[in-house]
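For reference, the structure is listed below as structure tokens.
Order of the sequence lines fixes the chain letters, A, B, ..., with proteins taken first and strands second; residue numbering starts at 1 for each chain.
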Amino acid sequence: MASCSIEDVLAKAERDEAEKLRSIAVNKELDLEFDPGHLLAFDKNRVDTREFKDNKGEDFLRSLARDNTQLLINEIWKLPTEKVDEVIVAKLPDSTTPLPREKPAPKPKPPTKWEQFAKLKGIQKKKKTNMVWDEVHKEWKRRWGYKRANDDTKEWLIEVPVTADPNEDQFAKRNKAKKERVARNEYNRLKNVARAQKIKVPGIGLAPTSQQSKSELAQAVNVAKISTASVGKFQEKLPKEKTSKNTGKKRKFQPLIGDFGSEKQKQLDLLKVMDSKKPRLDVTKAVNKQMREEDRESAQKSKKSFGKKGRKGNMSGKGKGKGMAGGKGKGKGKGMAGGKGPKGKGRKPNMKQGKR
Amino acid sequence: MTHLDGIVKAKTRRAKRFLQSREPKLTESLKNCMIIKGGNTSETLSQALKDVYALKKPNAVLYKKKNMVRPFEDSTALEFFSKKSDCSLFLFGSHNKKRPNNLIFGRMFDFHVLDMFELGVERCVSLKALKKDTCPVGTKPLLVFAGELFDTDREHQRLRSVLTDFFCGPRVSAVRLAGLEHVLHFTALEGRIYMRSYRVLLKKSGCRTPRVQLEDMGPSFDFSMRRSHMASDDLYRTAHKKPKGVKPKKKKNISHDAFGTRFGRLHMQKQNLDKLQTRKMKGLRKRKRRGEPAESVPPKTAKTDV
């Protein structure tokens, strides 16, 4: 009897060993589809509904799951492994099942105005240290930000420069300058953002925020007038409205980045002028300045004699007109040799009291 | 909200990091899930929602209050929630007489609903009932789908994609072999989907690959397919578009032969072999120099002779 039991025990042990050895093999009709990147397996085999009902569901599902998981584990164990911090890790390949993204792909941001300029000129970004030595406080402080080094708004003693007004508040002046710099920085940042997103920012005067001056309103009116399909050709004018011919900027600058040859030439010319000993005197400009001065003096004189009335008498009107004409003429009087030019200056006695 | 990103600047570094984490990235690794309750919920349904929340623990948000939302009619409320909590997956549970124990699995693209599947919970066995110890939170589960329906029927195919997206967890490049503890098994049978969750026990086998033994763990559900809303083809394609930076650049002019030797190709301009610059060797220079002194000597001797 004892021998039987021993034999039984041995046989059982043998059976257990055998079971363990054949354990990882699984028989399936169709091979599973694996996606190790997602630890995913897909079994296309037909699930037998009869078996499912016979085996009371749970056990059938469990055995099915066990088989499928065994195959998936076999697949994962085939992947290359490495040891990371005393732990064996299998490197997963890229996933083969395409899953949709959460958000659309990020678009590359267009470069800002400075970035464009730097790229053109070939300016490289220099990596700067975070901390700077502050001589005054004798310690290392941030280059920018909270409690930064060399912060001129935080100085307790400011020497008033010789050229400055003694009653001016230097501290307030520095604070104001800082506020202006911050505002300008913010404005430029918003302009960059608007350019990046191609948002059209309305021109000056069209989105009013505060009380606008006459010139700003006039500019807004002009812009609104030409914002039609036929660029303002058929817009009616008010009875006494004047159309301004010079719209937009009066001065035109050369583009900042462009012809390097001409830029170089200009700078060389400038150096030449600075080097030369002779002073440059623009005769026409000098003459016009002189004429303007004379007109102003004469206007002052005539104003003083009729000033008490405070009304625009004929004579004073004339005087004013003359002064105005003189002012106007200065702008137009180019290439006039000395002396008082006759008609070209536009010294008409019945000058309108227009432009003030 | 996206158009305000440039205009409204973050005031602290923490806020800046938060906004950056919400920006679209080149490669996405994680999708958050929000679990919402509808106007009326039953006991089984609330339990089911809590179980799914437990499965998805660190990357899910469970809303406690009830929301009168009808996703199939008007999904704007869901889109608003997803935008606020930055979740692209959602699970909406509701219960009424017509549709008892209703669960809607859905996903979003760009905060608009992409796909939605309504499943009815026929039977639910919750975590609490089983009282077994669970895997640590955040383990990446193994996913197994069984049943030919998942391959043949278009709706089931899409549902498979949605469930993969839902339960797959964060994308990782490597996985600890001993840490593969959790397996989710979905079986499609006769219009029903059986979801089972097991704990994987890796036993010794004769060879390197271990033998798998499963232990019942976690929630198990029996779903029945109800309505569905699938995205249109072009929206689906847009959602799958890969950005340019992701594809690895092909290295040109490099080839391998059968033995594994690496070959490269060089492209040269046309060379004039006559004027080729080679190394100069003195001895091989032309004899011109030696000939000249010999020539100059004879005329002198000729002169003296005469």
Side-chain angles (χ1 to χ4, degrees), chain A residues 17 20-24 32-33 35 37-47 49 52 57-58 61-70 72-74 76-78 81-82 84 87-92 95 97-106 108 186 189-190 192-194 196-197 199, chain B residues 3 6-7 23-26 28 31 88 107-110 114 140-148 150-151 161 164-165 168 171-178 180 183 185 187-190 194 196 198 200 202-214 216 236 238-243:
Chain A
E17 284 293 322
K20 276 188 196 167
L21 284 173
R22 65 171 154 80
S23 50
I24 63 167
L32 308 193
E33 275 179 10
D35 181 9
H38 273 143
L39 301 176
L40 180 69
F42 178 36
D43 180 10
K44 283 194 212 174
N45 293 305
R46 242 191 100 240
V47 181
T49 48
F52 176 64
E58 284 306 320
L61 285 176
R62 195 180 302 126
S63 63
L64 177 66
R66 198 222 76 82
D67 290 338
N68 288 335
T69 320
Q70 180 71 65
L72 180 57
I73 293 278
N74 292 353
I76 292 171
W77 249 251
K78 287 181 196 164
T81 60
E82 62 177 17
V84 175
V87 164
I88 303 177
V89 152
K91 291 178 85 166
L92 297 175
S95 139
T97 40
L99 287 176
R101 283 178 66 94
E102 188 179 25
K103 294 166 191 148
E186 183 64 21
R189 187 184 74 88
L190 289 174
N192 275 328
V193 167
Q197 296 178 1
I199 296 171
Chain B
H3 72 273
I7 301 172
E23 264 174 29
K25 299 175 196 90
L26 270 180
E28 288 176 349
K31 282 195 190 183
S88 58
R107 64 183 166 191
M108 307 243 186
F109 173 69
D110 197 19
L114 189 63
K140 200 165 151 74
L142 300 168
L143 296 167
V144 186
F145 290 87
E148 58 189 6
F150 274 132
D151 194 34
S161 165
T164 318
D165 219 351
C168 85
R171 313 286 152 84
V172 282
S173 56
V175 70
R176 203 175 121 239
L177 288 179
L180 296 167
V183 64
H185 188 90
T187 323
L189 196 62
E190 288 175 346
Y194 300 92
R196 297 285 178 273
Y198 301 106
V200 175
L202 301 166
K203 301 284 181 191
K204 264 194 193 169
S205 77
C207 53
R208 186 174 159 253
T209 321
R211 180 181 163 77
V212 164
Q213 246 182 352
L214 297 181
D216 255 341
Y236 200 62
T238 329
H240 281 268
K241 240 194 217 172
K242 287 207 180 110

Sort B:Arg176 into side chain, backbone, both or neither according to what part of it lies under 4.5 angstrom from a heavy atom of chain A. both
Pairing residues for A:Phe42 by the ring-ring contact (aromatic ring centres under 6.0 Å, His included) criterion, not counting sequence neighbours: none
Who wins among A:Leu32, A:Val84, A:Leu64 for the most heavy-atom pairs under 4.5 Å with chain B? A:Leu64
Under the 3.5 angstrom rule, does the side chain of B:Glu148 hit a backbone N or O of A:Lys44 as a donor-acceptor pair? no
Applying salt bridge (charged side-chain N to carboxylate O under 4.0 Å, His left out) to A:Arg101 and B:Glu28, what does each step give before you reach the verdict? CA-CA 7 Å; A:Arg101 283 178 66 94; B:Glu28 288 176 349; 3.6 Å; yes
When heavy-atom pairs shorter than 4.5 Å are enumerated against chain B, which of A:Ala196, A:Ala105, A:Pro100, A:Ala194 gives the highest number? A:Pro100
Contact leader toward chain A among B:Lys241, B:Arg171, B:Lys203, B:Lys242, where contacts are heavy-atom pairs under 4.5 Å: B:Arg171
Heavy-atom closest contact (B:Ala146 atom, A:Asn68 atom, distance): CB-ND2, 4.0 Å
Hey, which of B:Leu114, B:Asp151, B:Thr164 has the most heavy atom pairs under 4.5 Å with chain A? B:Asp151
Do A:Gln70 side-chain atoms and B:Gln213 backbone N/O form a donor-acceptor pair below 3.5 Å? no
Quick check for you: among A:Lys78, A:Lys91, A:Arg62, which has the greatest number of heavy-atom pairs under 4.5 Å with chain B? A:Arg62
Please classify the contact of A:Leu99 with chain B as side chain, backbone, both or neither, using a heavy-atom distance under 4.5 Å. both
What part of B:Phe109 lies closer than 4.5 angstrom to a heavy atom of chain A: side chain, backbone, both or neither? both
Within a 6.0 Å radius of atom CG on B:Leu26, are there more than 12 heavy atoms belonging to other residues, nucleotides or ligands? yes
When the 4.5 angstrom heavy-atom criterion is applied to B:Val175 and chain A, the contacting part is both
Strictly by modelled atom types, are B:Arg107 and B:Ser161 linked by a side-chain donor-acceptor pair under 3.5 Å? yes
Give me the atom names and distance for the closest heavy-atom approach of A:Thr97 to A:Asp35. OG1-OD2, 2.6 Å
Ranking B:Leu177, B:Leu180, B:Thr238 by heavy-atom pairs under 4.5 Å to chain A gives rank one to B:Leu177
Side-chain donor-acceptor contact under 3.5 Å, A:Asn74 with B:Thr209: no
Okay, A:Thr81 and chain B: the region with an atom under 4.5 Å from a heavy atom over there is side chain
Find the one option among B:Asp216, B:Val200, B:Val172, B:Leu202 whose heavy-atom pairs under 4.5 Å with chain A are most numerous. B:Asp216
Which portion of A:Leu61 sits near chain B, non-hydrogen atoms under 4.5 angstrom: both
Side chain from CB out, backbone as N, CA, C, O: work out which of these in B:Tyr194 comes under 4.5 Å of a heavy atom of chain A, or both, or neither. side chain
